[in-house]
Amino acid sequence: MGHVFVTRTIPGRGVEILQAAGHTVDVWPGDLPPPRAALERALSAADGALTMVTDRLDRDLLAGAPRLRVVSNMAVGYDNVDPAVAAKLGIWLTNTPGVLAETTADMAFALLLAAARKVNESERDTRAGGWKTWSPTGYLGQDVFGATLGIIGMGEIGTAVARRARGFSMRILYHNRKRRPEIEEELGVEYAGMDELLAAADFVSVHVPLTPETRQLIGHVEFGQMRPQAIFVNTARGTVIDQDALVEALRSKTIGGAALDVTDPEPLPIEHPLYSLPNVLITPHIASASHATRARMAEMAARNIVAVLAGEVPPNAVNKPFKARGQAASAEG
Ligand code: DGY
C-alpha cells in the first residue's frame, strides 16, 4: 500500500477514503502551504500527493520524487503543475472538474452584484459610522437587471454564470475558443468577437483556464475597449489579466470597477495599489469555498489517488504518462 502526502488539512472524507484503501496518509499540519524544502522532503517518500493550487510542483520537485505516481490537484485548474512534465516523468496529474462550477458561478455573480451595487463600499462605511441618513445621491450603482453581460470562456463555469444571468434578464454575449451552438440555443446567449463583447458589455466576467494562450489575455488594449461604466469580474486566475493595466484602467476611470477573487500574486501584498482604489472589491480566492463543494473536491481528489495506486486509470486525468510509474507501459510514448 502507498504513502500519500496531503499538502493541507482538507474537508470531507478525503483522508478517510485514502486510509480505507489501505494507504498511509501524512497531512501537512500548517495553515500555510508547505515550504519548498518540506514539500521536497515529503514528496521524496510519497507514492501520491494531494495538492492545492498554491503548491507549485515544478520539474525539479517532481524529478526528486522517485516513487511519486500521481499528483492529484484539489482544484479544477492545474496551472501549478505542468501536465506534460509530469507525463514525461511517468506521473499522472488529475483535477476536480464538474463539482465546483455552480459554486464558482455563485461567487462570480455575488461579486458582480456586490460591485454593481457598491455593497462592500457602503458596508465598510456603515461599520465606520458613516450612515448619517438616507441619501438620494449616495452609493448610486448600476442595475444588473436587463444589463449586458460579456462572458469570456464558455466552459462549465461560464455556462453556469450565463444561467444565473438569464434570471436577471441580461443580454448575454460570450467569447470562447469554440462556438457553443448548443448553449446558444439553450440559454439564448450570443457569440461575439472579443472586440464586440468588450465594447458592448456592462459587466465582463472571465472564465478561462490559465494557459500560455490566456496569460495576460486582458490588458491595456482590452480595458481600453470596455465601456466607462463596465465592471470587470475575475474568478479565473490573476495572471489572465495584466494587473498593472487594470490598476491604470481603474485609476483613469476607463472602466467603472472591478471585482476580483484572484490576483497576481496571491495573496496580494497589502501595500498593493489595488487596495487603495474604492471601486475594487477583492476576495481571497474563495470562489469554490462552500462546505459541500470543497468536501466533494477533496473526495474526488482522494479517489483519483486511490485509482492510480490501484493500477487504474484515474477518473479525472489531465495527462497521460508515457509510461506510468509502478505499472507496465500504459500509453503511447
Ligand atoms: C480551482 O479549482 O481551480 C480554483 O481556483 C480553486 O477552487
Side-chain angles (χ1 to χ4, degrees), residues 1-100 294-333:
M1 290 291 110
H3 186 94
V4 178
F5 180 58
V6 181
T7 64
R8 218 80 68 74
T9 300
I10 53 174
R13 296 176 49 250
V15 170
E16 210 179 299
I17 289 168
L18 291 165
Q19 287 168 336
H23 304 303
T24 312
V25 182
D26 255 335
V27 179
W28 176 252
D31 289 335
L32 295 177
R36 189 179 172 91
L39 202 50
E40 214 166 56
R41 221 174 13 255
L43 292 184
S44 69
D47 301 286
L50 197 156
T51 54
M52 313 295 136
V53 287
T54 44
D55 303 311
R56 185 145 299 284
L57 271 64
D58 58 25
R59 179 189 300 273
D60 287 351
L61 266 181
L62 294 177
R67 293 166 49 163
L68 194 63
R69 290 165 64 186
V70 52
V71 172
S72 176
N73 222 29
M74 193 183 122
V76 68
Y78 46 87
D79 44 283
N80 53 317
V81 190
D82 184 331
V85 166
K88 267 196 191 134
L89 292 165
I91 300 168
W92 289 97
L93 174 63
T94 65
N95 70 341
T96 61
V99 294
L100 53 82
R294 285 283 169 86
R296 277 196 291 266
M297 289 164 71
E299 289 162 20
M300 205 166 173
R303 289 211 170 85
N304 280 315
I305 295 181
V306 170
V308 172
L309 298 189
E312 295 161 15
V313 171
N316 310 107
V318 295
N319 73 350
K320 196 168 181 190
F322 292 169
K323 180 175 186 304
R325 292 172 174 182
Q327 64 186 102
S330 66
E332 68 277 7

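We use all heavy atoms of the structure for the numbers below, so side chains are in, but hydrogens, waters and symmetry mates are not.
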Distance check, rounded to the nearest 0.5 Å: [X] atom [atom1] versus [Y] atom [atom2]?
| X | Y | atom1 | atom2 | value |
| --- | --- | --- | --- | --- |
| Glu312 | Asn304 | CD | CG | 11.0 Å |
| Met74 | Arg8 | CE | CZ | 9.5 Å |
| Leu89 | Lys323 | CG | NZ | 13.5 Å |
| Asn319 | Trp92 | CG | CH2 | 7.0 Å |
| Met300 | Asn95 | CE | CG | 7.0 Å |

Of the non-hydrogen atoms in [X] and [Y], which two are nearest, and what is the gap between them?
| X | Y | answer |
| --- | --- | --- |
| Pro66 | Ser44 | CD-O, 3.8 Å |
| Ala298 | Leu50 | O-CD1, 4.2 Å |
| Ser72 | Ala301 | OG-O, 2.8 Å |
| Ala302 | Gly14 | CB-O, 3.3 Å |
| Ala38 | Pro34 | CB-CB, 4.2 Å |
| Pro315 | Ala307 | CD-CB, 3.9 Å |

Give me the one residue out of Thr54, Asp55, Asn73 that meets side-chain hydrogen bond (donor to acceptor under 3.5 Å, both in side chains) with Asn80.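 By the side-chain hydrogen bond (donor to acceptor under 3.5 Å, both in side chains) criterion, Asn80 pairs with just one of Thr54, Asp55, Asn73: Asn73.
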Are the side chains of [X] and [Y] in touch, meaning some heavy atoms are under 4.5 Å apart?
| X | Y | value |
| --- | --- | --- |
| Pro35 | Trp28 | yes |
| Val85 | Leu57 | no |
| Val81 | Leu62 | yes |
| Arg303 | Ile17 | yes |
| Glu40 | Asp60 | no |
| Met297 | Pro11 | no |

Apply side chain to side chain donor-acceptor pair (under 3.5 Å) to the pair Thr7 and Thr51, showing each step before the final yes or no. CA-CA 5 Å; Thr7 64; Thr51 54; 5.8 Å; no
When you look at Arg56 and Leu39, which way does the side-chain contact (heavy atoms from CB on, under 4.5 Å) test go after all the steps? CA-CA 10 Å; Arg56 185 145 299 284; Leu39 202 50; over 6 Å; no
Trace of the side-chain contact (heavy atoms from CB on, under 4.5 Å) decision for Thr24 with Met1: CA-CA 8 Å; Thr24 312; Met1 290 291 110; over 6 Å; no
Look at the side chain of [X] and the backbone N and O of [Y], then say whether any donor-acceptor pair between them is shorter than 3.5 Å.
| X | Y | result |
| --- | --- | --- |
| Asn316 | Thr96 | no |
| Arg325 | Leu68 | yes |
| Asp47 | His3 | yes |

Quick one: do Asp58 and Arg36 make a salt bridge, cutoff under 4.0 Å?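 A salt bridge links Asp58 with Arg36.
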For Tyr78, does the OH atom sit with more than 12 other heavy atoms under 6.0 Å from it, leaving out its own atoms?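 At most 12 heavy atoms, drawn from other residues, nucleotides or ligands, come within 6.0 Å of this atom.
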